[in-house]
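Only one structure is covered here, and it is reproduced in the block below.
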Amino acid sequence: MPEKKRAVATDLRRALGSEKVLDDVPTLTAYAVDASIYKIVPQAVVLAESEADIQTVVTYAVRTGVPLTPRAAGTNLTGSAIGSGIILDISRLNRILELNHDEQWVRVQPGIVFAELNKRLAGHGLLFGPDPSSGDMCKLGGMLANNSSGPHTLRYGSVKDNVQALRVCLSSADWLEARSYGLGDPALNDLLATHPPLRTVLELVRQQAELIRAKRPTVSKNSCGYNLFGLVDGLDRAVFDLPKLFVGSEGTLGVISEATLRVVARPKASATALIHFRSLEDVGDAVPQLLALSPSALEVMDANTLNLIGRDRHGIPDDAAATLLAEFDQDGGPDDLREQATRLTSLCRRYRLSSDPVVAFDQEQRDQLWKARKALYPTLYRYDQRKKPINYVDDVVVRAERISELIRYLEEFFRAQRIAVAIFGHIGNGNAHIVPLLDVNDREDFARMVEGYRDIHQTVLTRFGGSICGEHGDGRVRAEFVRRMYGEELYDLFVQVKRSLDPTGVLNPGVKISDTSFTEHIDYTRLSKACATCGKCNSVCPVYDVFQSEDMSSRGWFEIVTSKDYSYLNSKRVVEACLNCKSCRTICPADVDVSDLILKRRAEHPNRMAGLIFALHARPWLFEPLLKAAARTQWLWDRPRPRAWLEWITRPLMRRIAETSRLPRDMVLPRMATRHLRERYPELARNAASGRSSVAYFHGCAANYLDDGVGDAVIAVLRRHGVEPALPAQRCSGTPIQTYGHLKLVLEGARHNLASLERYDTVITGCASCTLMLKDYPGLFEAGPEREAAERLARRVKHITEFVAESKETPDQGTGTVRTRKVTYHSSCHLRAAGVTKAPRKVLAALPGVEFIEMEDADRCAGGAGTYILKDYDTAAKIFDRKRRAIEDSGADVVATSCPACMIQLNNGLRGTVQVKHVAELLRDSYETAQGSRGTVPSSKP
Ligand SMILES: Cc1cc2nc3c(=O)[nH]c(=O)nc-3n(C[C@H](O)[C@H](O)[C@H](O)COP(=O)(O)OP(=O)(O)OC[C@H]3O[C@@H](n4cnc5c(N)ncnc54)[C@H](O)[C@@H]3O)c2cc1C
Ligand code: SF4
Ligand code: SF4
């Protein structure tokens, strides 16, 4: 092995270039964890971009003996995507290479996210069936290597049942086309001649076929050990079924660079039923009967799980002993689903239920029913500060008809241990996820964990004849028990297979085939933190979307900024890369706000240049004349040559904000206002002084200083709804100031705004960021009068779209323009974080002459994020690429949004190809058209 740790990265950099090889402190910190309970710090991380990269890394690892761990999304629960040597992240290899609709297969790279793949396939009426609950974040490479499955395995099987071929880089650095070869096929002879280890494997399986058959678990799902059972089945069909060997091998036999997957037609429609049973025994009895109705999914959550996730929060009756989710796909005519639902309801009524089954046919309602189930494990992180859900017996399988007996046994076991436990899972397959809540730093809890690990796994094997692993993989957590599950003879066969294909043992050592105790490498520090490391936030983090690298991701940042090795200097690169879009906070099931942690770290090093600008900004008598001068001369300086000069001359100043910061010459700047909003509506400013109105309009900076039409539109809309608002004195809500670490200035502004807005019943906003910031003010203050004032304000803040959606006034909107306009909606991140998602859509859909189209990725960040567009224009542009595709694919004439800052990014990115409008502008236009058609067009813009 290279003598010095840094030598690995240096060697690899020489071979691959510095862009793809990282070994700085934040990167190694971020890659030291996955979604398991373990932590191992690697020596280097490679971000592979081609097969050649993979081959180079494999060659290097084998030559030097440095361990190599392939990694996709790092959402496994077993510690299989961390290692002490090189982490080979394949996330950047994420394309769909080929789709054959007629033959129903798709060829993909391993870095594609499962949900993305299925979104793309949906456009062709197709679907890749096996669906882990982590499907929003996990990637095909991990799914293949883990033989993943999920709720719909009942219908579609596990990954192993849906793979036609793989392309694998073996430890010899040769590429293998791993498909099914006929035993008499000359191609097989060629293959075995090229790859002698495969001949060894074939011979071993042939010779030991009886032993393998005898040891096959008699349950419907199993991912423990190597799938030699699949190879024996292949021999029975006279084929060498190679994909079976590599699917489920957890990166221990080779690195997958491509997969050809079987896809199926999407069901035309589906229905989801929620059934609350009052008795666990009834569940056991009902399962075989429900299975006879051929559901595509059948899931369970036991009473403890329901308590832990909060019955009230999810509307679960107090007396429910277990809740079942059943899903049916439409196979026959349109009435088929309703018939299924009727049959299910009458079947369930034979049992003691807490209430009649709820059956949802509508996609949104169905998603709602699945939401709690899919985020169950990380949600358990909210339960207790110290006791965390620990995955060490998380994936056992028994025969489906014995599942309630298993649950009863487990509940008694954990009751005796005095440990809270959540038991849930794929009941239709008898696959139970068992997640006890423990403090692993507590000696007694630790001992209980070790006892439970051995007792439960042993009981599942001996009493239930089951498997210790249904779908999550063996990883580090179950490796020591694989031998006990299969016995010495079969385990020895696994070892021989591993040695044939990986003679130097560099491929993911410690995983699957290992005697190391499951308690080695437990991350005791992390298991007392708030983050479940589930990776869900990465799936929405715009920075991760662009970089596909854990050091540039929300989950990675949590690890980095909470690490004991953290310092602003060693982590500045990553800490400054966050957009503060809050998408991570909106989605996190464990209630973690990564963006807030980052802001706190930035507050330890406030940016001085930004501080000077904000200090100027806080002095309107000085700031506003300067802005107006800029506005009056914009026609002059906002042209190509002066802009090039401006970019150059402002460069040194911009650099002091961030290395990447600049005023790009080609950026479409918003028009600046020569008369600010407050000057255009002096009567509304007077309303504030006279106390005549109970409704305040908090316009924020953009609507005041820019000529973007938003402020005028909001005021016009309010007037149409019979409200003459006041424009109270106001300071910046604080979002941009907080982004640059100036907490003191934020507090000053917040105090000013609290005092100024205190007396209004309603505070209307037109800007997503102002809406969120005003609602978030309570978090700025300690408990006391200021916090109370902030809480009062938070309750009274309303975005203009909420106001209109709730308004009892229904101004005439006319019948719309002659030509119907297609309008789509970009949902601003901060408005989503403020919980406002439905109102803007409702308002748009109700506009006459508007065909509202929901676009793909409507809820993803557009990359503007206030001033981020100036802080890192290139990354902002890369983030926008995805949004542009979504807008263009939607076919919309207009993209509407609820935030002036997003409008800047949309206008810059779209450059007039699609019109950009604030929802308030579209509303105002519609009211004015109605008025105009009656011959009285009021001018709302003085
Ligand atoms: C909240 C939550 C819910 C989950 N629900 C389910 C579920 O319902 N069903 C289920 O099966 N799992 C579930 N999981 C576990 C996990 O998400 C899945 O196993 C997933 O398929 C792992 O994919 P990944 O991209 O994260 O892989 P990673 O964690 O990155 O890697 C997993 C394994 O694959 C190997 N690997 C990755 N890429 C390659 C490659 N190109 N070549 C060779 N080996 C490779 C790694 O070395 C590792 O051994 C859940 C996890 C979480 C956090
Ligand atoms: S911050 Fe939340 S969503 Fe992100 S990894 Fe942690 S628990 Fe999961
Ligand atoms: S705020 Fe946005 S950019 Fe920052 S970590 Fe969260 S999701 Fe990523």
Side-chain angles (χ1 to χ4, degrees), residues 34-36 48 54 69-83 87-91 93 109-111 113-114 130-135 137-151 153 158-159 166 168-169 223 246 249-257 259 374-379 381 391 395 425-426 431 433 470-473 475 507-508 511-512 529-544 552-558 577-596 598 829 861 865 868:
D34 48 24
S36 71
I54 294 178
T69 298
R71 173 164 171 136
T75 68
N76 74 84
L77 298 160
T78 69
S80 60
I82 51 174
I87 302 292
L88 180 60
D89 190 330
I90 49 74
S91 298
L93 294 165
Q109 291 185 311
V113 173
F114 168 79
D131 59 336
S133 305
S134 51
M137 56 260 198
C138 74
K139 297 173 181 169
L140 257 297
M143 289 176 65
L144 290 158
N146 273 1
N147 183 27
S148 293
S149 54
T153 294
S158 304
V159 166
L166 299 170
V168 186
C169 185
S223 281
F246 290 94
S249 64
E250 301 181 37
T252 62
L253 301 180
V255 182
I256 300 164
S257 69
K374 290 198 172 179
L376 235 173
Y377 154 66
T379 305
Y381 256 70
N391 286 294
D395 198 22
H426 318 302
N431 186 191
H433 298 319
E471 57 183 22
H472 291 169
L507 294 178
N508 222 358
V511 168
K512 203 177 250 312
K529 294 183 191 172
C531 166
T533 59
C534 69
K536 209 166 169 53
C537 50
N538 283 4
S539 69
V540 293
C541 179
V543 180
Y544 181 65
M552 294 294 261
S553 80
S554 175
R555 173 175 63 177
W557 291 336
F558 178 91
C578 165
L579 276 80
N580 187 28
C581 72
K582 306 278 187 214
S583 302
C584 48
R585 155 175 145 178
T586 309
I587 205 165
C588 176
D591 233 359
V592 176
D593 184 350
V594 178
S595 54
D596 189 54
I598 293 172
C829 303
C861 178
Y868 189 85

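Given the structure is predicted, the values throughout are model-derived calculations rather than measurements. Positions are given from 1, in the same order as the sequence printed here. Numbering of ligands and ligand atoms starts at 1, following listing order.
- For the residue pair Asn508/Thr69, the side-chain donor-acceptor check at 3.5 Å is satisfied.
- Residue Met137 places no N or O, backbone or side chain, under 3.5 Å from any N or O of ligand 1.
- Interface atoms of ligand 1 facing Gly254, defined by a heavy-atom separation under 4.0 Å, are 43 (C).
- Counting atoms of ligand 1 from 1 in the listed order, those under 4.0 Å from a heavy atom of Ala81 are 28 (P), 29 (O), 30 (O), 31 (O).
- With hydrogens left out, the protein atom closest to atom 35 (C) of ligand 1 is Ala145 CB, 3.3 Å, a heavy atom.
- Near Gly141, the atoms of ligand 1 lying under 4.0 angstrom from a non-hydrogen atom of the residue are 36 (N), 37 (C), 38 (N), 39 (C), 45 (C).
- For the residue pair Asn76 and Asn146, no side-chain donor N or O sits within less than 3.5 Å of a side-chain acceptor on the partner.
- Residue Thr75 has at least one N or O atom closer than 3.5 Å to an N or O atom of ligand 1.
- The distance criterion of under 3.5 Å between nitrogen or oxygen atoms is met by Ala72 with respect to ligand 1.
- The contact set between ligand 1 and Pro378, taken as ligand atoms under 4.0 Å from a residue heavy atom, comprises 1 (C).
- Partners of Pro130 according to the side-chain contact (heavy atoms from CB on, under 4.5 Å) rule, which considers only residues two or more places apart in sequence or in another chain, are Phe128, Val159, Asn162.
- Scanning the protein for heavy atoms near atom 28 (P) of ligand 1, the closest one is Gly74 N, 3.5 Å.
- Here the heavy atom of the protein found nearest to atom 19 (O) of ligand 1 is Asn146 ND2, 2.9 Å.
- Contact annotation for Ile90 and ligand 1: only side-chain heavy atoms (C-beta onward) come within less than 4.0 Å of the ligand.
- The residue among Ala532, Gly556, Pro589 with a heavy atom at the shortest distance from atom 7 (S) of ligand 2 is Ala532.
- Judged as a side-chain contact (heavy atoms from CB on, under 4.5 Å), and not counting sequence neighbours, the contacts of Pro110 are Ile90, Leu93.
- Ser249 and Lys512 are not linked by any side-chain donor-acceptor pair at a separation below 3.5 angstrom, with hydrogens and angles left out of the test.
- When hydrogens are left out, the protein atom nearest atom 9 (N) of ligand 1 is Ser149 O, 2.6 Å; that is the closest non-hydrogen contact.
- A donor atom on one side chain and an acceptor atom on the other are not found under 3.5 Å apart for Ser554 and Asn538.
- Note on atom 4 (Fe) of ligand 3: protein N/O/S atoms under 2.8 Å are Cys578 SG.
- Less than 4.0 angstrom separates some heavy atom of Ser148 from each of these atoms of ligand 1: 11 (O), 18 (C), 19 (O), 20 (C), 21 (O).
- With a cut-off of 2.8 Å, atom 4 (Fe) of ligand 2 has an N, O or S atom of Cys537 in range.
- In this structure, the protein non-hydrogen atom closest to atom 6 (Fe) of ligand 2 is Cys531 SG, 2.3 Å.
- What sits closest to atom 2 (Fe) of ligand 2 on the protein, heavy atoms only, is Cys588 SG, 2.3 Å.
- Residue contacts with ligand 1: Cys534 is placed with no nitrogen or oxygen under 3.5 Å of a nitrogen or oxygen of the ligand (distance criterion only).
- Below 30°, between 30° and 60°, or above 60°: for His472 and His433 the angle between ring planes is below 30°, a parallel geometry.
- Close approach to Gly251 involves these atoms of ligand 1, each under 4.0 Å from a residue heavy atom: 43 (C), 44 (N).
- Residues meeting the side-chain contact (heavy atoms from CB on, under 4.5 Å) test with Pro542, sequence neighbours left out: Leu579, Cys581, Cys861, Ile879.
- At the top of the distance list for atom 27 (O) of ligand 1, counting protein heavy atoms only, stands Gly142 CA, 3.1 Å.
- Of all the atoms in ligand 1, the ones that sit under 4.0 Å from a non-hydrogen atom of Met143 are 21 (O), 23 (O).
- Of the heavy atoms in Asn508, only side-chain atoms (C-beta onward) come closer than 4.0 Å to ligand 1.
- Close approach of ligand 1 to Glu250 (heavy-atom distance below 4.0 Å) involves ligand atoms 47 (O), 49 (O).
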